[in-house]
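Written below as structure tokens is the structure these notes are about.
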Amino acid sequence: MKRWLLSFAVVAVATIACSSGPPAAPPKSTATTSPAQPPRADSIYFVLVDRFANGDRANDGETDIEDPHGWHGGDLAGLIQHLDDIADMGFARIWLSPVFETRDSKWHDYGAYHGYWTYDLGKVHDRFGTRADLTKLGYELERRGMSFMLDMVLNHVGYDAPLVTQRKDWFHHNGTITDWNDKVQLQTHDVHGLPDLAQENPEVFEFLVERSLGWLELPGLSGFRLDAVKHIGSSFWASYAQRLHATNDEFELLGEVYTGAPAELAHHLRSGFDLVFDFPLHFAMVDVFCKSKSPQALAAVLSADSVY
């Protein structure tokens with residue numbers, strides 16, 4: 001498979017970093033036909049599902065759209081209703097925030113609406129919808145010549161996820177990361193207190209692979225966006241990628257490697273990822289356009305393209 005660097009996303013991220021205004025509300029759907037021109041193959045639209053559109057009031061539960069830390073009611077049904085809007089903007093793929101089972105109530109005044117405090121990677125959280133909704137989403141995207149990516153969180157689980165008490169031996173118990181420059185801490189300590197899975201444990205590895213493979217049969221699913229890549233060892237990622245690519249060699253793995261080091265991105269591309277976010281370019285753009293640094297910072301990072 002070809003290895004690519006995902007740089008289009010960091011343009012939007014860098015622009016947002018310079019902006020002080022609130023994000024715009026999702027547009028109302030007015031399109032009735034598929035877009036006349038095919039979408040670009042390298043364009044991805046990110047959807048934070050709970051914040052996008054509410055298509056099914058029946059699954060809302062307790063919501064408060066005035067609370068920035070609470071649930072707002074967005075769901076897969078709402079996303080499906082706005083697919084033509086996204087297609088008309090020229091996007092070929094949609095990257096969903098995690099839609100898996102998670103905590104319903106707040107944890108110390110903070111909500112789990114974002115999906116990154118997962119409970120069970122094998123189930124869709126009922127606030128977002130059902131597996132049938134994901135299937136419908138996939139078929140609707142295929143009909144438009146589009147696809148989607150699921151966001152998989154393999155580094156940790158939610159603060160009080162049932163798995164923490166059910167399988168204590170599946171976790172590192174080393175406390176929260178205190179030195180973010182210490183590679184050992186990055187891979188064996190908790191990210192902001194989130195229980196850190198011990199991926200080197202064969203049982204944990206098989207569990208994560210099994211949960212991942214369980215989604216590959218969905219129509220329209222073209223890849224995973226993989227969270228917190230640098231917090232998991234490279235040997236895990238290499239084995240994980242091998243297992244998924246053995247099932248579908250066209251399935252793409254997009255890694256969130258939060259680093260400004262081109263060599264580190266190159267390392268992860270070699271270990272099995274098909275795509276990585278271009279954070280070196282992102283950081284350079286923020287420095288130049290938001291912090292008035294010399295444009296030479298952009299030239300320097302672009303000259304490193306050959307590394308990764």
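Start at 1 with the first residue, then count along the sequence.
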Check your understanding: Rounded to the nearest 0.5 Å, how far does CG of Leu197 lie from CG of Asn201?
Key -> 9.5 Å
Check your understanding: For atom CD1 of Ile65, is the number of surrounding heavy atoms from other residues, nucleotides or ligands below 6.0 Å larger than 12?
Key -> no
Review point. Using 4.0 Å as the upper bound for N to carboxylate O, is an ion pair formed by Arg243 and Glu206?
Key: yes
Point to revise | Flag, side chain of His114 to backbone of Tyr116, donor-acceptor distance under 3.5 Å | key: yes
Review point. Can you tell me if Gln199 and His231 form a side-chain donor-acceptor pair at under 3.5 Å?
Key: no
Check your understanding: What pairs with Asn54 under side-chain hydrogen bond (donor to acceptor under 3.5 Å, both in side chains), at least two apart in sequence or on another chain?
Key -> Asp60
Practice item. For side-chain contact (heavy atoms from CB on, under 4.5 Å), just list the numbers for Trp215 and Arg131, CA-CA rounded to whole Å, side-chain angles, deciding distance to a tenth of an Å, and then say yes or no. Key: CA-CA 9 Å; Trp215 297 106; Arg131 187 184 181 102; 3.2 Å; yes
Check your understanding: Does a side-chain N-to-carboxylate-O contact under 4.0 Å join Arg93 and Glu252?
Key -> yes
Exercise for review: Give a yes or no on whether Glu62 atom CD has more than 12 heavy-atom contacts from other residues, nucleotides or ligands under 6.0 Å away.
Suggested key: no
Practice item. Any chance you could lay out the side-chain contact (heavy atoms from CB on, under 4.5 Å) test for Leu137 and Leu83, step after step, and finish with the verdict? Key: CA-CA 9 Å; Leu137 171 67; Leu83 291 182; 3.9 Å; yes
Review point. Does Gln185 use its side chain to pair, donor to acceptor, with the backbone of Thr178 at less than 3.5 Å?
Key: yes
Point to revise | More than 12 heavy atoms of other groups within 6.0 Å of Lys183 NZ | key: no
Practice item. I would like to know whether His156 and Thr118 meet side-chain contact (heavy atoms from CB on, under 4.5 Å); could you show each step before the answer? Key: CA-CA 8 Å; His156 57 263; Thr118 60; 5.7 Å; no
Check your understanding: Between Phe148, Phe91, Trp95, which is the residue that forms a ring-ring contact (aromatic ring centres under 6.0 Å, His included) with Tyr45?
Key -> Phe91
Check your understanding: Can you check whether Phe100 and Trp117 have ring centres sitting under 6.0 Å from each other?
Key -> no
Exercise for review: Check whether any side-chain N or O of Lys230 sits under 3.5 Å from a backbone N or O of Tyr258 as a donor-acceptor pair, and report yes or no.
Suggested key: yes
Practice item. Verify the ring-centre separation between Phe224 and Phe251: is it less than 6.0 angstrom? Key: yes
Practice item. Determine yes or no for a side-chain-to-main-chain donor-acceptor pair under 3.5 angstrom, with Ser239 supplying the side chain and Phe236 the backbone. Key: no
Check your understanding: Charged N to carboxylate O below 4.0 Å: is that the case for Arg167 and Glu203?
Key -> yes
Review point. Judged by atom type as modelled, is there a donor-acceptor pair below 3.5 Å linking the side chain of Ser43 to the main-chain atoms of Gly90?
Key: yes
Review point. Are the charged groups of Arg127 and Asp56 less than 4.0 angstrom apart, N to O?
Key: no
Practice item. Give, for atom CG of Leu213 and atom CG of Leu244, the distance between the pair rounded to the nearest 0.5 Å. Key: 5.0 Å
Review point. For the atom pair NE2 (His245) and CG (Asp274), what is the distance rounded to the nearest 0.5 Å?
Key: 3.5 Å
Point to revise | Trace of the side-chain contact (heavy atoms from CB on, under 4.5 Å) decision for Glu256 with Leu226 | key: CA-CA 6 Å; Glu256 183 240 357; Leu226 293 157; over 6 Å; no
Practice item. Verify, without hydrogens or angle tests, whether Asn174 (side chain) and His189 (backbone) share a donor-acceptor contact under 3.5 angstrom. Key: no
**Study point:** Phe273 CZ to Ser271 OG distance, which is reported to the nearest 0.5 Å
**Key:** 5.5 Å
Review point. In terms of side-chain heavy atoms, does Ser97 have a donor or acceptor partner in Tyr113 at a distance below 3.5 Å?
Key: no
Review point. Do we see a donor-acceptor contact under 3.5 Å between the side chains of Asp160 and Trp107?
Key: no
Exercise for review: Ignoring hydrogens and angles, tell me if any N or O in the side chain of Asp190 forms a donor-acceptor pair with the backbone of Asp196 under 3.5 Å.
Suggested key: yes
Check your understanding: Taking 4.0 angstrom as the limit, do Glu140 and Lys136 come out as a salt bridge?
Key -> no
Check your understanding: When rounded to the nearest 0.5 angstrom, what is the spacing between CG in Leu121 and CG in Leu154?
Key -> 6.5 Å
Review point. With a cut-off of 6.0 Å (strictly less than), are more than 12 heavy atoms of other residues, nucleotides or ligands near CG of Asp109?
Key: no
**Study point:** is_close_aromatic(Trp170, Phe207), centroid dist under 6.0 Å
**Key:** yes
Practice item. For the residue pair Trp180 and His192, categorise the inter-ring angle as parallel (less than 30°), tilted (30 to 60°) or perpendicular (more than 60°). Key: tilted
Point to revise | Close side-chain approach of Glu264 and Val257, heavy atoms under 4.5 Å | key: yes
Check your understanding: When you look at Arg144 and Asp88, which way does the salt bridge (charged side-chain N to carboxylate O under 4.0 Å, His left out) test go after all the steps?
Key -> CA-CA 10 Å; Arg144 294 166 172 81; Asp88 285 346; over 6 Å; no
Review point. Under 6.0 Å between ring centres, would you say that holds for His282 and Phe277?
Key: no
Revision key, fill the gap. Distance col, row Thr63:OG1 vs Trp71:CH2, nearest 0.5 angstrom, shows 11.0 Å
Point to revise | Parallel, tilted or perpendicular, as decided by the 30° and 60° cut-offs, for the rings of Trp237 and Tyr240 | key: perpendicular
